[in-house]
Every structure is written in structure tokens, then in C-alpha cells.
Amino acid sequence: MSVNDSVNRITAGSGVILGGTFLGMLLDIILKGVLTSHLSPADFGTYALALTVISITGAVATLGLNEGVPRYIAFFRGKNEDQKIHELIMSAVFMGLIAGLLAVLVSPSLFESLAGEGFDAQGKILSAVKILIFAVPFTILLNLTVAIYRGFDRTSINMYFYNIIRPVSLLGFASVAVFFSASLKGVVFADLLSMVFTFGIMSAYFIKKPPLKPEWKLKFSEPTKQLIRYSFPLLISATLLNLMSWTDTIMLGYFKSAEVVGVYNAVYPLVGFLSMIIASMGFVYVPVTSKLWGQSNTESLGSIYAIMTKWCFLLTFPLFALIFVYPEFLITKLYGAEYVGGTTALRILALGFIANSYFGFNYHTLLASGDSDFLMKCSVASAGINVVINFMLIPEYGMVGAAIGTAVSYASIEVLMTLRAWKKQKMHPFTSMYRKLTLVCIFMVVSMLAARNALLLSGATWEYVAFVIVYFLIVQRTKILDKSEIKMIGEIRKTIRYNIGTHIPQSLKTIAP
């Protein structure tokens with residue numbers, strides 16, 4: 001597969017996912033708006049803490065299989081070893097189900113013993129955890145089903161179920177709870193019902209449209225051992241990466257009030273938009289490049305890595321500029337003046353999250369190459385940095401200290417992974433055109449901040465529209481994209497138009513009851 005073909009497949013395939021991701025994040029913000037209008041900041045903070053406990057439990061119980069399964073399915077597809085794929089699927093589902101059931105039995109008691117009376121004196125968090133814990137087995141099986149489809153290049157399945165059906169159903173159930181003035185416990189029940197509903201739809205789809213004809217034979221041989229050896233470091237890595245946000249919530253809940261936790265968890269999702277593009281592209285990038293590794297066709301991977309990173313940052317930067325220059329405007333419009341205290345924290349978080357797009361597909365490249373041990377090691381280092389900084393800063397600076405810890409942790413792990421990709425694979429994204437794009441972006445942000453401080457900018461919508469237009473004109477004038485990339489973009493447009501006109505309607509008909 002050529003560089004053009006690979007880039008075309010990654011970009012065109014991620015276009016549909018990006019649309020779903022954007023919709024899902026908007027729905028999440030709408031959901032938080034509905035909940036914050038009904039729940040007090042203290043109750044919303046309690047709900048956020050309970051979700052954090054469940055997220056930690058779910059991440060651990062997934063065993064890293066959600067990343068290992070698509071990598072090995074694509075890898076074995078590249079080697080044309082279909083029998084090994086059947087074994088991987090059955091063993092992964094079996095291990096995930098057992099881990100999920102154990103989580104239901106162990107997690108509430110473990111949280112109760114670890115949290116102590118000082119953290120959850122009134123038992124409100126534990127009460128919510130005891131309800132939400134029953135969603136964990138459904139979540140694990142849903143994750144594994146999406147991972148299986150992802151290994152067969154059917155990456156849009158994630159969009160349908162996680163970015164559309166899950167948030168829409170959650171918004172619907174939560175809105176009903178709010179309409180009937182339900183308590184916090186009623187909102188928690190709405191969350192559980194949403195997950196059960198989503199899993200039911202996914203089960204019906206899997207039976208109707210399986211990625212391959214299933215062989216109901218459980219077997220644990222060498223492919224399963226490979227999957228476990230590869231996935232276990234990813235379990236540690238994923239847990240620690242998530243801890244970089246969970247630690248903020250837990251330590252803010254310990255040192256500060258639930259109100260502070262509520263404000264921080266309301267503004268935190270806004271910076272998630274900065275990872276939206278790379279997450280969408282990375283979801284397709286891993287199976288495509290893993291298949292190339294399976295075929296021993298690695299000559300083009302360096303060019304794919306560099307091109308995709310430049311495009312990802314180029315498209316993400318306007319979102320960063322909006323969040324970084326106009327944080328008060330966004331918070332006030334979305335949540336009200338009550339949450340404007342999160343302005344400084346939001347700016348700091350934006351600086352940390354933009355590093356993800358700037359350094360690009362280092363994580364995904366290492367993942368596809370099978371270097372999961374290193375991903376675990378650098379995650380340990382980064383999570384350690386986050387904990388140390390939080391302990392030092394949160395008691396005095398609150399959510400600002402938490403934001404600094406997260407930003408430094410994210411930036412440090414990106415540097416570590418980029419250095420590893422260069423050392424081991426001789427790949428990096430920093431071409432001369434990418435360095436030029438970096439200077440353009442720095443100049444534009446500094447100019448916007450200077451204009452705002454001089455009261456030349458007021459936060460009007462037209463100002464941001466004008467900024468975006470000027471930004472892309474400068475990109476065009478400075479020739480940051482070469483002729484081959486412009487040709488690729490033309491081919492990608494044709495592919496996306498075809499997907500929108502053909503594949504999406506067919507897929508919607510397929511998942512319809």
C-alpha cells in the first residue's frame with residue numbers, strides 16, 4: 001500500500017469518525033448543561049467522582065484488550081492467518097466478561113475501604129458507585145465489540161454506538177430524570193440504563209452483521225499468549241494515562257470542596273475538543289499501519305507519520321486558539337457565570353492538550369509497531385509527575401494546580417514517545433514545512449492575545465471567523481502543504497463525498513431496527 005493510499009484511507013475513514021466524535025462531544029456538553037442546571041455543584045461533583053471510580057474500574061477490567069485486539073486482528077490479517085483471528089476474538093471476549101463480573105464484586109468494597117470516612121464521609125459517592133458498577137460488564141463487552149470491528153477496518157462502528165447512540169440515550173434518560181426532578185440517585189440510574197440500552201442495540205447489530213463468521217470454540221494457544229503479553233502493558237499504560245485526569249478529580253475532592261470538583265469537571269471536557277481530530281485519525285491509523293507491519297511493508301510509515309501529524313495539528317490549531325484566547329466567553333455561554341472560576345485552569349489545560357496534536361501520531365506508531373512495553377514505562381513516568389505536581393500545588397492553588405499537573409504530564413509523555421519513535425524507528429514529524437507551520441501558529445496566538453489585551457477584540461463571533469480565514473490564507477501563501485499533499489487532499493475529498501453519499505446511508509439502514 002502506497003503513502004497516498006494509506007493517507008487517503010486514514011483521512012477519509014476518520015472523516016466520518018470525526019463527525020461522530022464532534023457530535024458526541026457536543027452532546028456531552030449539552031448533557032452537562034442539563035445536569036448542572038438541575039444538580040448543585042456539590043451533587044455534580046459527587047456524580048463526577050463516582051464516574052471517575054467507575055472509569056478506573058472499567059479501564060482496569062478491560063485488561064488493555066481494547067487496544068491489543070484491533071492491533072493483532074489487523075496484524076494477522078496482513079499475514080493472512082485467519083484462524084488466529086477467531087481464537088483472539090473468543091479468548092478476548094471470555095477474559096473481558098470474567099474481568100467485568102469480578103469488577104462488580106470487588107470494586108465497591110475496595111473503594112469503601114480505600115476512600116475512608118475522610119473522603120466520602122456521608123457515603124454519597126459510594127451510593128452512586130454501587131449503582132454504576134453494574135454498567136462495567138456491559139461497557140467492557142461494548143469496548144471489545146468495537147475493538148473487533150476496528151481490527152477489520154470497520155472503524156465507523158465506534159461512531160455509531162459510542163458517539164451517537166450512547167450520548168443520545170444518556171441525554172434522553174437524564175432529561176427524563178431532570179424533568180421529574182429526580183435526585184442525584186435518579187440521575188445515576190439514568191446513566192446505568194443508558195449503557196444497558198446501548199449494549200442491547202450493539203448486541204442486535206453484532207448478531208445481524210458480524211465482522212466474520214464466528215467459530216464458537218474457546219482456545220488459548222500462542223496467539224492468545226501474544227495478545228496477553230502485548231495487552232498487559234497497555235492496561236497499565238491506559239490506566240495511568242487516565243489517571244492523569246482522574247488524579248485531578250480525586251485529589252481535588254480530597255483537598256478541596258465538591259464545588260471545586262464540579263467547576264473543574266465542567267470545564268475539563270472543553271479541552272477534549274483538542275484531541276478530537278487526532279483521536280479520530282488515530283482510530284483508523286492503528287489498524288492501517290498495523291497491517292503494514294504484518295506485511296513487513298514499513299518503508300512508507302515515516303512519511304505517513306509526518307504527513308498525518310502536520311495535517312492533524314494544522315486542523316486542531318484553530319480550536320486551540322478559540323479556547324486559549326476566549327476561555328471566559330466559552331465558559332459563560334456554556335455553563336453560566338457560576339463556572340467562570342475555571343478560566344485559568346482551562347487555559348493551562350489547553351496548553352497541555354495541544355501537545356497531543358502537535359507531537360502527533362507517536363503513540364499510535366509505537367502501538368502499531370508492538371512497542372507496548374515502552375508505552376507502559378513512559379506512562380508510569382508521566383503519571384508519577386502528575387501526582388507529584390498535584391500534591392505540591394493543589395492544596396494551595398486548587399484547580400489551577402491540578403491543571404498545571406495535567407498539562408506538564410501530557411507534554412512530558414508526548415516528548416518521551418516522540419524521542420522513542422525517532423530512536424527506534426527513525427521517524428519524526430518535524431519537517432521544514434512543519435517547523436514553518438509552528439512559527440505561523442505562535443505568531444497568530446501572540447497577535448490575538450495582544451489585540452485582546454489592547455481591547456481590540458471583544459469576543460464576537462465574526463472575530464473568530466476572520467481569524468480562521470486569515471489562518472488558512474497564511475497556510476496557503478506560505479506553502480506549508482506541498483503539491484503531493486494538495487493532490488492527496490483532492491483524492492480524499494472525492495472519497496469522503498463517496499462515503500457520505502453511499503456508505504453512511506447504507507450503515508444507517510443496517511443499524512436500524
Side-chain angles (χ1 to χ4, degrees), residues 3-4 7-8 10-12 14-19 21-22 25-26 270-271 273-281 303-330 333 346-347 350-351 353-361 429-497 500:
V3 173
N4 285 20
V7 171
N8 191 328
I10 294 168
T11 309
S14 62
V16 176
I17 298 173
L18 178 60
T21 302
F22 184 75
M25 297 185 76
L26 284 178
L270 295 177
V271 292
F273 281 98
L274 299 178
S275 299
M276 183 174 62
I277 293 175
I278 191 169
S280 301
M281 291 182 173
S303 297
I304 296 170
Y305 175 25
I307 291 171
M308 296 307 303
T309 296
K310 182 171 66 174
W311 288 11
C312 178
F313 180 68
L314 188 151
L315 294 173
T316 303
F317 174 73
L319 292 173
F320 167 78
L322 174 63
I323 294 172
F324 192 77
V325 178
Y326 300 111
E328 305 98 331
F329 173 79
L330 286 175
K333 286 292 184 183
L346 178 58
R347 266 188 169 151
L351 287 172
F353 270 69
I354 194 61
N356 189 16
S357 294
Y358 182 73
F359 288 99
F361 294 88
F430 302 110
T431 62
S432 59
M433 289 184 290
Y434 194 46
R435 295 195 295 270
K436 187 189 296 185
L437 174 62
T438 302
L439 294 176
V440 167
C441 292
I442 292 173
F443 171 77
M444 294 202 71
V445 167
V446 171
S447 299
M448 288 182 73
L449 288 174
R452 190 172 181 206
N453 290 335
L455 303 180
L456 297 177
L457 296 179
S458 61
T461 303
W462 71 265
E463 294 173 354
Y464 180 68
V465 173
F467 158 77
V468 173
I469 293 172
V470 171
Y471 169 66
F472 283 107
L473 283 175
I474 292 175
V475 168
Q476 183 182 23
R477 291 286 184 180
T478 52
K479 297 182 179 180
I480 288 172
L481 299 176
D482 60 28
K483 292 180 179 179
S484 63
E485 289 176 289
I486 293 172
K487 184 179 179 181
M488 286 183 207
I489 292 172
E491 294 173 354
I492 290 165
R493 285 174 180 167
K494 294 178 182 177
T495 304
I496 291 176
R497 282 197 294 266
I500 293 173

Checklist entry - So which heavy atom on Ser357 is nearest to which on Leu274, and how close? => result OG-O, 3.0 Å
Checklist entry - Crowded around Phe472 CZ? As in, over 12 foreign heavy atoms under 6.0 Å? => result yes
Item to check | Met281 and Ile278: CA distance, side-chain angles, deciding distance, side-chain contact (heavy atoms from CB on, under 4.5 Å) verdict | outcome: CA-CA 5 Å; Met281 291 182 173; Ile278 191 169; 5.7 Å; no
Item to check | Aromatic ring pairing Phe324/Phe320, orientation class (parallel under 30°, perpendicular over 60°, tilted between) | outcome: parallel
Next on the checklist: With salt bridge (Lys or Arg N to Asp or Glu O under 4.0 Å) as the rule and sequence neighbours excluded, what pairs involving residues 314-325 come up?
Outcome noted: none
Checklist outcome for this item: For Thr438, the side chain to side chain donor-acceptor pair (under 3.5 Å) test, sequence neighbours excluded, returns Tyr358
Checklist entry - Can you name the residues that form a ring-ring contact (aromatic ring centres under 6.0 Å, His included) with Phe353, not counting sequence neighbours? => result Tyr268, Tyr410
Checklist entry - Quick one: salt bridge (Lys or Arg N to Asp or Glu O under 4.0 Å) pairs with a partner in residues 308-321, sequence neighbours left out? => result Lys310-Glu485
Next on the checklist: Restricting to non-hydrogen atoms, name the atom on Phe317 and the atom on Tyr471 that form the minimum distance, rounded to 0.1 Å.
Outcome noted: CD2-CE1, 3.5 Å
Checklist entry - Taking only residues two or more places apart in sequence, or in another chain, which ones meet Glu328 in a side chain to side chain donor-acceptor pair (under 3.5 Å)? => result Arg452
Checklist entry - Considering all heavy atoms of both residues, which atom of Phe313 and which atom of Leu437 are nearest to each other, and what is their separation? => result CD2-CD2, 3.8 Å
Item to check | Reported CZ-to-CD1 distance for the pair Phe361 and Ile304, which is rounded to 0.5 angstrom | outcome: 11.0 Å
Checklist outcome for this item: CG (Leu322) and CE (Met448) are apart, to the nearest 0.5 Å, by 8.0 Å
Checklist outcome for this item: Only residue of Val325, Ile474, Leu449 satisfying side-chain contact (heavy atoms from CB on, under 4.5 Å) with Met444 is Ile474
Checklist outcome for this item: When every non-hydrogen atom of Val468 is compared with those of Pro318, the smallest separation belongs to CG2-CB, 4.3 Å
Item to check | Nearest heavy-atom neighbours spanning Tyr305 and Phe359 | outcome: OH-O, 3.8 Å
Checklist entry - Of the non-hydrogen atoms in Ser275 and Asn356, which two are nearest, and what is the gap between them? => result OG-ND2, 3.2 Å
Item to check | Sequence-distant partners of Lys436, side-chain contact (heavy atoms from CB on, under 4.5 Å), two or more places apart | outcome: Thr478, Ile480
Checklist outcome for this item: To the nearest 0.5 Å, atom CG of Leu351 lies from atom CG of Leu346 at 10.0 Å
